[in-house]
Structure formats: C-alpha cells, structure tokens
2 protein chains.
Amino acid sequence: MNAPQMTRNQALVFDVLEKAEGPLSAYTILDKLRDQGFRAPLQVYRALEKLLEYGVVHRLESINSFVACAHPGEDCHSHGIVAFAICESCGQVIEFHDHEVDHRLMGWVRSQKFKPAKTTIEIRGTCEACAA
Amino acid sequence: MNAPQMTRNQALVFDVLEKAEGPLSAYTILDKLRDQGFRAPLQVYRALEKLLEYGVVHRLESINSFVACAHPGEDCHSHGIVAFAICESCGQVIEFHDHEVDHRLMGWVRSQKFKPAKTTIEIRGTCEACAA
DNA sequence: TCAATTGCGTTATGCTATAACGTGTGCAAT
DNA sequence: ATTGCACACGTTATAGCATAACGCAATTGA
Ligand SMILES: [Zn+2]
Ligand SMILES: [Zn+2]
Ligand SMILES: [Zn+2]
Ligand SMILES: [Zn+2]
C-alpha cells in the first residue's frame, strides 16, 4: 500500500506522530490537534486507519498506541514482519525486523495451514539508557 | 509463579476460561458469572491478574481477551516465549512455542542491551478449518 | 446530469480498565 | 488476648479506548 496523497487530517495526524518522541494514544493525538480544529476521536481514528493502510504508521497493540514508521521509504509491508521493543520507562520504541524470525513463524504457519493476516511482535521492557 | 491455592473468584474465572471454546473478554466473563454473584468488572480483573501471575491464563493483547493456558502443568514461564495464532473467523486460538524464535529475539535484545519483561507474539488470520 | 465514492463533522454510545474507599478474615508478633 | 499486617473482596465512580450512525460536501467518472 503506497500513500497516494494525504488529506489534511491525515497529514496533521502523521505530523504529530513523526515529531513525537514515542508512541501516542489516539486521544493524546486528539489533544495535540485541538488547536487545528480537531474536536472528536473519530477524526483521529479515521486518519490513523488510512495511515496504517499506507504503512507509514504502526499500531502497538500492547499499549494501545501509534507510532510513525521508523523506516520511511522502505515500505514496511515489503520487509516482512515488524517487531518492536518498547521501553516501559521512557516510552521509546525501537522498530526492527528479523528475517529468521519471520521465516520460523511463517514456517509454523505453513505447517498448520494457517493463513496469517497480521502479526504482532512486541517486547516490553527497559531500554539500555533506562536500565537501573 | 506456581498457583498456591485459588480463591473462589479465581477458580470461577479460571473455570469459565477453561470451558470456553476460545478467548473471552473480561466483560464476557463477567456476564457468565452473574449467576454466581459477580456484579462488577473488578471482580474479574482482580482474579485475572492473579491467574496471569500464576501462569495459568494468557492475555491476548491484540484482541483484549484472555485464554486458559493450553499447556497445563508445563509452567509456561519455563518454556520461553509463548506465541499465539488467532483465527479471526472462528475465534480459535493455538498456543505454541518456538525456541529458535525465542533465541533470535533474545539475541537481538542482548545486542541492544534491552531488558525484556514481557513479550507478545500474536498472529491473527484464518485457521485451516475456516479457510475459504 | 446523475450516481457512486470518499472524506469530513457531530452526537451518541459501547467496550476496556483502573482509582479509591471500606469491610472482613486469617495469621503472626507482642 | 490484642494488635498489626496482608490479602481478598465488594461497591461506586471514573478514566481511557474505540466505533455506530447520521448527514453533508467535494470529487470523479459514466
Ligand atoms: Zn515500519
Ligand atoms: Zn528507556
Ligand atoms: Zn501457556
Ligand atoms: Zn477458524
């Protein structure tokens, strides 16, 4: 999925996510866009839905938050499963990919004749900087 | 974490999960336990919190639901990262483990000096029986 | 022009999860 | 026995996350 042309709302939401230090919840995004005329959650969720489709934003299932893709231009859909390490102390997120992990999971999936649609890999813990 | 002795509420919640065909939300569990005297979400969430500690229940982050461990007696904490394949059609969940995946992820984590606390691997898609 | 599609705004609602307070019970130290 | 603590429990209220349903406006393509 390639981004055709972002609408105003999509661009505003994406901009907020790109400039953020870490992942943001939909309601946090909403608050940051009140001055630009955002009034309701749906404005954010509808924009996010498209940005997820375009592959320029990722959803972190384990913390109900969203983050801009760390590999712009590479088209995350093409480089396999995306994994995230989430620091529960500072909120920083590291996005990475591991082809061997993809390979093992897809092997298992094949062996079960399971048809994967969306795969989530999220490691929550403490980043190096935050380590005690 | 080994289960010392379940309280009444914990046993009721666990029983519901064990007898269920698939994962259940906290509120669905609540509804199923109204006849046993459950009135409020906290009764369910508090029981779930303990059951998760004991390792006899897993939380599926991507669908905000809970499922009884498919490998009773093995102590899921001991056999590494737990992964789930979730059929979005019939709701069935397959719990599995792959040491190579663990190994790769833990290798990455070490290389980043990231300290993992809890890792989520969830594959949403369609199971063999539900395939078109 | 007409119909279909898409984005948008608004209101209302539903689902998920926790805060805060108080009660009762079991158990150990004094 | 009394005191203090830990823990489970019950209840009410609130916070946080997400979508349904309606109507309007702009775009596009037949
Ligand atoms: Zn990405
Ligand atoms: Zn950190
Ligand atoms: Zn398990
Ligand atoms: Zn199925």
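Throughout, a chain's letter reflects where its sequence line sits, starting with A, and its residues are numbered from 1.
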To the nearest Å, give me how far apart CE (M6(B)) and P (dC7(D)) are. 18 Å
Which pairs with one or both residues in residues 34-53 of chain A pass ring-ring contact (aromatic ring centres under 6.0 Å, His included), sequence neighbours excluded? none
By side chain to side chain contact (heavy atoms under 4.5 Å, CB included), R110(B) pairs with (sequence neighbours left out) none
For the CZ atom of F96(A) and the OG atom of S111(B), what is their distance to the nearest 0.5 Å? 8.5 Å
Could you check how far CG of L30(A) sits from C1' of dT19(D), rounded to whole Å? 15 Å
Identify, with sequence neighbours excluded, every residue that meets side chain to side chain contact (heavy atoms under 4.5 Å, CB included) alongside A20(A). L24(A)
Separation of I63(A) atom CD1 from dG16(D) atom C1', in whole Å? 14 Å
Lys/Arg N to Asp/Glu carboxylate O, R46(A) vs E49(A), below 4.0 Å: no
Rounded to whole angstrom units, what separation is found between the CG atom of L42(B) and the C1' atom of dA13(D)? 11 Å
Check: T120(A)/E122(B) side-chain N/O donor and acceptor closer than 3.5 Å: no
R46(A) CZ to dA21(D) C1': how many Å, rounded? 10 Å
So does R8(B) get a side-chain nitrogen or oxygen closer than 4.0 Å to the phosphate oxygens (OP1/OP2) of dG10(D)? no
Is the distance between the ring centroids of H58(A) and F66(A) under 6.0 Å? no
Do Q43(B) side-chain atoms and A40(B) backbone N/O form a donor-acceptor pair below 3.5 Å? yes
CG of L60(A) versus P of dG16(D): gap in Å, rounded? 19 Å
Got a second to check how far K113(A)'s NZ is from C127(B)'s SG, nearest 0.5 Å? 12.5 Å
Nearest heavy-atom contact between I123(A) and P116(B) is CG2-CB, 3.7 Å
Starting at the 5' end of DNA chain D and moving along, which residue's nearest nucleotide shows up first, A47(B) or N64(B)? A47(B)
Residues of residues 17-27 of chain A with any non-hydrogen atom less than 4.0 angstrom from an atom of DNA chain D: list those, numerically ordered, please. S25(A), Y27(A)
Using only side-chain N and O atoms of Y45(A), determine if any of them is under 4.0 Å from OP1 or OP2 of dA18(D). yes
Report the secondary structure of DNA chain C in dot-bracket form, marking unpaired bases with a dot and bases paired to a different strand with |, and treating Watson-Crick or G-U pairs with both distances under 3.5 Å as paired. ||||||||||||||||||||||||||||||
Does T28(B) or G37(A) map to a spot on DNA chain C nearer the 5' end, using the closest nucleotide for each? G37(A)
First locate atom OG of S89(B), then atom NZ of K115(A), and finally report the distance between them rounded to the nearest 0.5 Å. 11.5 Å
Output the rounded distance in Å from CZ (R39(B)) to P (dA13(D)). 15 Å
Between which nucleotides of DNA chain C, 5' to 3', does chain B make heavy-atom contacts below 4.0 Å? dT16(C) to dA20(C)
Would you kindly give the CD-to-P distance between Q5(A) and dT28(D), to the nearest whole Å? 12 Å
So, R124(B) and E61(A), do they make that salt bridge, N to O below 4.0 Å? yes
